[in-house]
Amino acid sequence: MPRKRTEPFLRAVRAEGLPERGWPWELPAVRALESGLDLDAPVVMLCGDNGTGKSTIVEALAAELGINVEGGSRNFRFATRETATPLAEHLVVVRRAGPRPVDSFFLRAETYFNVATEVERLGGPLDAYGGVSAHERSHGEGFLDLATHRFRPGGLYLLDEPESALSVHGCLALLAVIADLAASGAQFIVATHSPILLACPGALRYETGADGVAPVGYDEAGPVRLTRDFLDDPQRFLHHLLAGGDR
Ligand SMILES: Nc1ncnc2c1ncn2[C@@H]1O[C@H](COP(=O)(O)OP(=O)(O)O)[C@@H](O)[C@H]1O
Ligand SMILES: [Mg+2]
């Protein structure tokens with residue numbers, strides 16, 4: 001068992017020498033990195049609408065940390081398409097002096113299938129994945145296997161929308177894993193739209209958007225507000241949505 005540590009590995013990230021024009025330099029969230037982003041918490045969460053740059057940032061961070069940008073660990077070197085992100089070479093990651101992570105993994109919902117294939121190709125025991133190839137599990141089951149069996153105290157985990165494959169129940173299970181490991185010295189950087197995952201105790205939460213990246217409280221976070229409003233009165237929402245749409 002790795003020794004318990006409570007101080008996060010990554011303290012901050014900032015971008016230097018960003019070009020002015022083109023993708024992804026014009027994304028407000030990417031520009032905001034020029035002023036630096038505090039990551040000094042066991043759980044850092046990025047929420048924000050689709051297309052605001054969450055994946056761009058998490059992917060670049062993974063690349064800068066030497067983790068396969070299509071998802072996987074430092075040993076995974078496969079790529080099914082050109083995913084190298086130009087932002088990575090402009091990132092300066094401020095790490096805390098001390099032990100390195102005992103494990104690091106980047107989990108992307110959209111490429112998890114490829115990660116499962118790579119795990120099979122590399123062979124070896126599947127213990128870290130629950131003993132069963134993820135190809136023989138549902139997408140959500142595979143995700144939870146990985147979180148439950150591979151993620152460890154003292155690890156560094158980057159997750160991009162891990163909720164996409166999960167039921168509400170599955171999200172609660174993942175939340176429990178994250179909260180538990182974060183209390184035992186793991187660090188998580190998570191891009192998410194899930195009001196459940198965002199509830200992780202002690203998380204440092206940011207919202208990406210037109211104004212860049214801003215710290216946000218749980219109750220103020222977009223996914224939480226909108227979901228809460230919807231659940232308060234689904235009929236009212238539907239009325240507005242359908243009246244304002246083409247149908
Ligand atoms: N390789 C790329 N080339 C050009 N634009 C891209 C590329 N990848 C993503 N984008 C654009 O960058 C913006 C941010 O994307 P992304 O980081 O995936 O957003 P999020 O994860 O917050 O939904 C989007 O408008 C997206 O279309
Ligand atoms: Mg994304």
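Since the structure is predicted, the reported quantities are computational estimates derived from the model, not experimental observations. Counting starts at 1 for both ligands and their atoms, in listed order.
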State whether the side chain of Tyr206 and the backbone N or O of Asp38 hold a donor-acceptor pair below 3.5 Å, judged by distance alone.
-> yes

Within a strict 4.5 Å, meaning less than it, do heavy atoms of the Trp23 and Pro86 side chains meet?
-> yes

Considering only heavy atoms, does Thr208 approach ligand 1 within less than 4.0 Å through its side chain, its backbone, both, or neither?
-> neither

Could you say whether the N/O atoms of Leu27 and ligand 1 ever approach to under 3.5 Å?
-> no

Backbone or side chain, does Ser55 get an N/O/S atom under 2.8 Å to the Mg ion (ligand 2)?
-> yes

Would you indicate whether Asp232, at its atom CG, is surrounded by more than 12 heavy atoms from other residues, nucleotides or ligands within a distance under 6.0 Å?
-> yes

Can you find an N or O of Thr52 that's nearer than 3.5 Å to an N or O of ligand 1?
-> yes

Heavy-atom gap Pro24 to ligand 1 smaller than 4.0 Å = no

Do the side chain of His90 and the main chain of Ala15 share a donor and acceptor less than 3.5 angstrom apart?
-> no

Could you tell me whether Phe105 and Tyr157 have their ring centroids closer than 6.0 angstrom?
-> no

The atoms of ligand 1 lying under 4.0 Å from a heavy atom of Ser55, numbered in the order shown, are 17 (O), 18 (O), 20 (P), 21 (O)

Heteroatom distance test (Thr56, ligand 1): nitrogen or oxygen, under 3.5 angstrom | yes

May I ask whether Asp49 places a heavy atom under 4.0 Å from ligand 1?
-> yes

Go through the steps to decide whether Leu159 and Phe151 satisfy the test side chain to side chain contact (heavy atoms under 4.5 Å, CB included), and finish with yes or no.
-> CA-CA 11 Å; Leu159 315 180; Phe151 291 4; 3.8 Å; yes

Counting each atom of ligand 1 from 1 as listed, which ones have a heavy atom of Asn50 under 4.0 Å away?
-> 23 (O)

So, Lys54 side chain and Thr208 main chain: donor-acceptor pair closer than 3.5 Å or not?
-> no

